Amino acid sequence: MPELPEVETIVRDLRPHLLGQRIAQVVHLNPQVLRHPGPAELLSSLPGQLAVGMTRRGKFIHLRLDSGQTLVVHLGMSGSLIVAAADLPALPHTHLRLRLSSGVELRYRDPRRFGRVALGEEVVLRGLGVVPVLGDEPLGRGFPSPGVHAALRRSARPVKAVLLDQAVIAGCGNIYADEACFLARVRPSRPALRLSARERTRVLAALPIVMREAIRRRGTSFSDYRDGFGAKGEAFEALLVYGRGGSGCVRCGSTLRQATVAGRTTVFCVRCQQ
DNA sequence: CCCCTATCCTGAGGGC
DNA sequence: TGCCCTCAGGATAGGG
């Protein structure tokens, strides 16, 4: 479950290794992970292309190529994107291997195959719905926008469901939604429209705080997450609620409760979060 | 229209 | 020790 901080860490790691590199060869492709175009088209399009830009939008990675096409990668639950020496054997479930002009390989791996790869002009990919409409960037200037405030004010859904809605806030996933709610002392199951203005402000202010801290720690390390070099992150130990159901709240010592909210495992403090 | 649930997929971890 | 069952979840499709 790479979320914004994990994807951002990967992009920062990989960017200097990819920009200015040419794709020499597609060493391997598993067509199952390809959303667009077909395998034949990708195999004929990629070789020879120069990487000219690499950015993150929400949880999506965009590698811009000199033809005007973009290689778009979503890591799903268990995806990783790394650079590796070409002679290093690829791990199982490696679905895409691109040999670069520098000699190293860009490798996309995803055991659970929830992630997807696509290639095309961004306008086309948006038209196809491969790249969906995304909401505000939590680390962008002007966050939270009036639109995000309004989305929370209007919705009867649990506040956590709104935080997870990529069309409202891009890049927030299960871990950081729980962490932000804890920091803001707001129970994740509260209907968003029932939050006071003060609570709404606290929740939205907490998001960039927990995400910046996670980026500082190079992403949360658990299960399949790896940074751009295949190493684990170190933010797991810093999580205050996620994965800590049944143990003590760091703020008041009460036993943290685990429940399902918005279809997701959710951990919160009954005493601190009203 | 809005919200919830099932679905995809594999590996980790718990229970017996 | 080993096997089997359950669970984890991002995004999407479909149902109520």
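Remember, predicted model here, so these are calculated numbers, not experimental data. Chain identifiers are assigned alphabetically (A, B, ...) following the order of the sequence lines, protein sequences preceding nucleic acid strands; residue numbering begins at 1 within each chain.
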**Message:** When you measure from the side-chain N and O atoms of A/His93 to the phosphate of B/dC9, is any distance below 4.0 Å, counting only OP1 and OP2?
**Reply:** no
**Message:** Classify A/Ala262 by what it touches in the nucleic acid, base, sugar-phosphate, or nothing, heavy-atom distance under 4.0 Å.
**Reply:** nothing
**Item:** Rounded distance (Å) that lies between atom C1' of B/dC2 and atom CZ of A/Arg154
**Value:** 13 Å
**Prompt:** Should A/Glu137 and A/Arg57 be marked as a salt bridge (charged side-chain N to carboxylate O under 4.0 Å, His left out) after you check the CA-CA gap, both sets of side-chain angles, and the distance that decides it?
**Reply:** CA-CA 8 Å; A/Glu137 284 287 335; A/Arg57 176 78 174 99; 2.9 Å; yes
**Asked** For the side chain of A/Pro111, counting heavy atoms from C-beta on, which of B/dC4, B/dC8, B/dT10 is nearest?
**Response** B/dT10
**Prompt:** Roughly how far, to the nearest 0.5 Å, is the CD atom of A/Gln69 from the CD atom of A/Gln49?
**Reply:** 5.0 Å
**Asked** Can you name the salt bridge (charged side-chain N to carboxylate O under 4.0 Å, His left out) partners of A/Glu105, sequence neighbours left out?
**Response** A/Arg97, A/Arg107
**Request:** Please state how far atom CZ in A/Arg157 lies from atom C1' in B/dC4, giving the value in whole angstrom units.
**Result:** 10 Å
**Salt-bridge present (A/Arg264, A/Asp178; N to O < 4.0 Å)** = no
**Asked** If each of A/Gln32 and A/Ala156 is mapped to the nucleotide of DNA chain B with the nearest heavy atom, which maps nearer the 5' terminus, i.e. the 5' end?
**Response** A/Ala156
**Message:** Would you say that A/Glu6 contacts A/Thr9 through its side chain, given a criterion of any heavy-atom pair below 4.5 Å between the two side chains?
**Reply:** no
**Prompt:** So does A/Arg15 have more than 12 non-hydrogen atoms from other groups sitting under 6.0 Å from CZ?
**Reply:** yes
**Asked** How would you list all residue pairs meeting ring-ring contact (aromatic ring centres under 6.0 Å, His included) that involve residues 14-56 of chain A, not counting sequence neighbours?
**Response** A/His17-A/Phe229
**d(CZ, A/Phe114; C1', B/dT7) in whole Å** = 8 Å
**Prompt:** For nucleotides 11-16 of chain C, read 5' to 3', which letter fits each nucleotide if B means a protein heavy atom sits under 4.0 Å from the base, S means only the sugar-phosphate is that close, and - means neither?
**Reply:** BS----
**Request:** Could you check how far CZ of A/Arg116 sits from P of B/dT7, rounded to whole Å?
**Result:** 17 Å
Show the distances under 3.5 angstrom between N or O atoms of the protein and N or O atoms of nucleotides 4-8 of chain C.
| unit_1 | atom_1 | unit_2 | atom_2 | d |
| --- | --- | --- | --- | --- |
| C/dA8 | OP1 | A/Thr265 | OG1 | 3.4 |
| C/dA8 | N3 | A/Arg112 | NH1 | 2.9 |

**Pairs flagged by salt bridge (charged side-chain N to carboxylate O under 4.0 Å, His left out) wherever residues 58-79 of chain A is involved - sequence neighbours left out** = A/Arg22-A/Asp66
**Prompt:** Tell me, which pairs form a ring-ring contact (aromatic ring centres under 6.0 Å, His included) where one or both residues lie in residues 100-139 of chain A, sequence neighbours left out?
**Reply:** none
**Prompt:** With respect to the phosphate group of B/dC3, does any side-chain polar atom (N or O) of A/Ser155 fall under 4.0 Å of OP1 or OP2?
**Reply:** yes
